[in-house]
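Note that ligands are numbered from 1 as they come in the structure, with each ligand's atoms numbered from 1 the same way. Just so you know, these numbers come straight off a predicted model, no measurement behind them.
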Amino acid sequence: MKPAPKHAPMDQFATRDGQLLINQQPIRQLALRVGQTPFYAYDRNLIAERVTSLRSQLPQQVHIHYAIKSNPMPALVDFISHHVDGLDVASGKELITALDSSIPANHISFAGPAKSHKELQMALASGCTINLESETELERVIELSKQHQLPANVAVRVNPDFELKASGMKMGGGAQQFGIDAERVPDVIARIKTAQLNFMGLHIFTGSQNLKAEALINAHDNIFRLAQSLKEKSQIEFTRLNIGGGFGIPYFPGESPLDLAPVIDNLKQLLAQYQADFANTEIVLELGRYLVGEAGIYVCEVTDIKESRGEKFLIVNGGLNHHLSASGNFGQVIRKNYPTAIGNKMNATDHEVVNVVGPLCTPLDLLANKMSLPVAEIGDLVVIYQSGAYGYTASPKDFLSHGYPLEVLV
Ligand SMILES: *Cc1c(COP(=O)(O)O)cnc(C)c1O
């Protein structure tokens with residue numbers, strides 16, 4: 001069987017005596033202390049290092065927000081809240097998680113195209129910033145703010161007149177369910193002014209999972225240009241300009257990490273160029289995946305091994321139901337393997353080509369297709385890397401009723 005293309009080596013986790021270490025804990029011991037497989041483990045040191053390293057490169061004016069959607073585990077959100085400047089939420093439940101953390105409400109923003117009456121009330125009562133996604137939503141906020149006598153902090157999410165090139169998932173430009181078309185924004189800001197809401201600024205999110213520095217540079221150039229022109233048309237001060245995020249991480253063979261240096265140099269240049277307009281404006285980068293994705297692994301256990309017509313199958317106790325993205329069914333056009341290892345056989349020299357499949361009765365339940373892995377035995381621990389974001393909560397855990405994985409912050 002011809003093996004699938006090889007991934008770049010994953011070196012964020014150390015190893016000792018053939019065992020993968022998650023924040024110093026050997027994976028076998030970690031599995032015992034978790035009490036079950038499968039589980040997700042997130043390494044808090046890796047998360048802290050990632051934020052600290054990014055912050056050390058960014059100019060002071062640029063703030064780092066964490067987008068909770070990528071991994072809303074409460075312990076992780078609380079941990080990261082001590083390292084970032086703000087949190088971005090997209091539902092009432094995420095707002096509650098954010099408010100439980102150490103971040104004050106005025107550094108929390110709430111986006112999302114279908115905020116309910118109840119969620120808008122929660123947002124108003126909390127004092128967070130509501131990123132307006134439509135003109136109907138603006139009218140609802142005006143109404144609720146009057147009704148409850150609560151001040152409203154609002155930002156306008158802009159659907160820009162350009163697109164993020166080479167993004168894994170486009171979320172701005174063209175016709176969109178997200179945000180308010182750029183050409184409507186001056187009227188919307190005028191309405192915010194007459195209704196006497198607190199205008200916090202603009203939110204321009206263009207897409208996710210981008211590994212190309214030039215594409216991000218191009219998006220940032222366009223965002224600053226658009227924000228400046230909207231500011232000029234509206235004659236209003238901005239507290240904050242949220243320029244989105246979209247920083248990607250490498251998942252597949254042939255992908256390399258994002259080269260941040262040119263993106264940051266360009267941001268510095270933009271801050272200088274637009275100093276007259278935005279010197280007193282907080283520039284916000286909202287990031288999910290980039291901050292936590294590489295710090296997490298999914299761990300499942302080999303329960304059976306079989307051969308069928310010349311191919312070898314490692315059957316494991318969790319799959320698509322726990323980790324939809326690794327199975328290739330979360331927005332991938334062509335299925336590719338996530339980087340995978342046998343976590344208790346990191347020094348093995350004998351390799352063979354295998355398929356790693358989950359417990360579900362569907363051929364979609366495939367974690368690794370024709371991958372070269374150490375020769376495995378029943379009871380070995382299969383590790384899927386790059387699983388700290390869009391894993392646990394992005395998976396259909398009730399499908400086939402096999403039970404839930406656990407999550408631990410190590
Ligand atoms: C999903 C989302 C993010 C986070 O995207 P990542 O790719 O995880 O960084 C940030 N902002 C908004 C508005 C989002 O919808």
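Taking CD1 of Ile80 as the start and OH of Tyr66 as the end, the distance is 5.5 Å to the nearest 0.5 Å.
Asp277 and Gln228 form a side-chain donor-acceptor contact under 3.5 Å, judged by distance and modelled atom types alone. For the 3.5 Å distance criterion, the side chains of Ser387 and His323 qualify, holding a donor opposite an acceptor.
At least one heavy atom of Phe205 sits less than 4.0 Å from an atom of ligand 1.
By the 3.5 Å distance cut-off applied to N or O atoms, Gly288 is counted among the residues near ligand 1.
Contacts with ligand 1 closer than 4.0 Å are made by side-chain heavy atoms of Tyr390 only, the backbone lying farther away. Under 4.0 Å from ligand 1, the heavy atoms of Ala67 that appear belong solely to its side chain.
Look at Lys69 and Asp88 and you find no salt bridge, because none of the NZ, NE, NH1 or NH2 atoms lies under 4.0 Å from a carboxylate O.
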Pairs under 3.5 angstrom only: tabulate donor-acceptor contacts from the side chains of residues 261-268 to other protein residues two or more places apart or in another chain.
{"unit_1": "Asn266", "atom_1": "ND2", "unit_2": "Asp221", "atom_2": "OD1", "d": "3.1"}

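For atom 2 (C) of ligand 1, the candidate residues are His65, Glu286, Lys69; the nearest heavy-atom contact is made by Lys69.
The contact set between ligand 1 and Arg289, taken as ligand atoms under 4.0 Å from a residue heavy atom, comprises 6 (P), 7 (O), 8 (O), 9 (O). Atoms of ligand 1 lying under 4.0 Å from any heavy atom of His203, numbered from 1 in the order shown and given with element: 13 (C).
Side-chain atoms of Phe39 and Tyr392, non-hydrogen and from C-beta on, never get closer than 4.5 Å to each other.
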